[in-house]
Amino acid sequence: VLVRVQGDFAKAPEKRLNHKNCFDGLYRTVRDEGLFSLARGVTPNVFRAILINASQLASYDYFKAELLKTPYFNDNVYCHFTASFAAGTVATTVCSPADVIKARSLPSSRIMNASGTGSNFTLQVIRNSLKNEGPLFMFKGWLPAWTRLQPTTILVFLTLEQLKRAVDWTRGDL
């Protein structure tokens with residue numbers, strides 16, 4: 001519903017859905033298109049969530065362990081900040097191809113061909129982009145994505161480490 005409401009402003013006035021609010025949008029979407037229409041686009045979003053979470057968690061643990069092996073870092077906020085900074089960079093790099101392909105596949109499938117959705121159309125988008133732009137097309141928009149993801153990643157891991165420290169303190173482990 002959020003995507004529909006936000007996208008409504010980009011349409012010509014006569015093609016707008018003109019939802020009064022999110023509840024009206026939810027009600028009309030279910031009424032007009034059925035309950036399962038709310039699940040449209042879930043698969044690419046779940047795939048992205050898996051990519052981002054796996055890459056953030058694994059790389060944060062790896063970078064933190066590697067930093068602690070050096071004489072320059074102790075288990076403190078400086079180490080956590082540096083490891084989370086690196087983890088945000090890895091997560092952005094891992095997710096960028098999926099984000100670019102999703103962005104190129106979804107809008108054009110609605111414009112070009114109503115039946116052109118699915119894996120065959122996505123593969124066609126990938127082939128055309130590789131042919132016309134080379135493999136680096138998958139990293140278009142990397143810097144804005146990194147700029148958006150980085151602060152969140154840093155805050156999440158700094159908060160996680162402080163909460164772990166608070167739990168250890170309440171248990172008497174510190």
Side-chain angles (χ1 to χ4, degrees), residues 1-63 82-157 160:
V1 174
L2 174 66
V3 171
R4 290 171 184 245
V5 171
Q6 289 176 334
D8 217 20
F9 297 107
K11 295 178 182 176
E14 65 276 358
K15 292 186 179 184
R16 291 185 184 164
L17 299 171
N18 294 319
H19 296 303
K20 296 174 190 165
N21 53 47
C22 65
F23 301 110
D24 177 56
L26 183 64
Y27 172 75
R28 286 174 44 195
T29 300
V30 171
R31 181 191 69 198
D32 297 343
E33 300 176 39
L35 186 62
F36 291 110
S37 67
L38 298 176
R40 221 176 269 141
V42 165
T43 303
N45 287 324
V46 168
F47 181 68
R48 184 184 189 280
I50 291 169
L51 285 176
I52 200 163
N53 286 302
S55 61
Q56 276 181 332
L57 293 169
S59 62
Y60 176 78
D61 287 342
Y62 172 79
F63 287 121
T82 306
S84 62
F85 187 87
T89 302
V90 169
T92 303
T93 305
V94 167
C95 288
S96 184
D99 289 342
V100 170
I101 291 166
K102 184 177 94 168
R104 289 182 181 204
S105 296
L106 293 178
S108 56
S109 66
R110 290 191 199 113
I111 295 166
M112 291 173 61
N113 183 357
S115 63
T117 58
S119 60
N120 288 340
F121 185 75
T122 303
L123 290 174
Q124 180 185 353
V125 167
I126 295 169
R127 270 191 232 108
N128 289 341
S129 297
L130 279 170
K131 186 175 110 182
N132 297 332
E133 303 171 62
L136 290 179
F137 87 90
M138 293 184 279
F139 300 99
K140 294 238 169 143
W142 185 91
L143 186 61
W146 179 82
T147 305
R148 182 186 54 77
L149 184 64
Q150 199 63 280
T152 307
T153 303
I154 291 169
L155 286 173
V156 163
F157 285 116
L160 170 72

Check your understanding: For the side chain of S55 and the backbone of I52, is there at least one donor-acceptor N/O pair under 3.5 Å apart?
Key ->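 A pair under 3.5 Å: yes.
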Check your understanding: Do any N or O atoms from the side chain of R28 and from the backbone of L17 form a donor-acceptor pair under 3.5 angstrom?
Key ->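 Side chain of R28 to backbone of L17, a donor-acceptor pair under 3.5 Å: yes, one is there.
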Give the minimum heavy-atom separation between [X] and [Y], together with the two atoms involved.
X	Y	answer
N18	D24	O-OD2, 4.3 Å
T29	G25	OG1-O, 2.6 Å
A98	F47	CB-CE2, 4.1 Å
G88	Q150	CA-OE1, 3.4 Å
F157	A87	CE1-CB, 4.5 Å

Using a 4.5 Å cut-off on heavy atoms from C-beta on, say whether the side chain of [Y] contacts that of [X].
X	Y	value
V90	Y62	no
F139	D99	no
S37	V30	no

Review point. Does the pair Q56 and V156 meet the rule for a side-chain contact (heavy atoms from CB on, under 4.5 Å), with working shown?
Key: CA-CA 10 Å; Q56 276 181 332; V156 163; over 6 Å; no
Can you tell me how far the [atom1] atom of [X] sits from the [atom2] atom of [Y], to the nearest 0.5 Å?
X	Y	atom1	atom2	result
N128	E133	CG	CD	10.0 Å
C95	L149	SG	CG	7.5 Å
R127	N132	CZ	CG	13.0 Å
I126	I101	CD1	CD1	4.0 Å
L136	S129	CG	OG	12.5 Å

Check your understanding: Between W146 and F85, what is the ring plane arrangement, given parallel below 30°, perpendicular above 60°, and tilted in between?
Key ->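 Because their plane-to-plane angle is over 60°, the rings of W146 and F85 count as perpendicular.
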Exercise for review: Go through the side-chain N and O atoms of W142 and T92 and say whether any donor and acceptor fall under 3.5 Å apart.
Suggested key: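 Checked: W142/T92 side chains show no N/O donor-acceptor pair below 3.5 Å.
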Exercise for review: Let me see the working for T153 and T89 under side-chain contact (heavy atoms from CB on, under 4.5 Å), right down to the final yes or no.
Suggested key: CA-CA 9 Å; T153 303; T89 302; over 6 Å; no
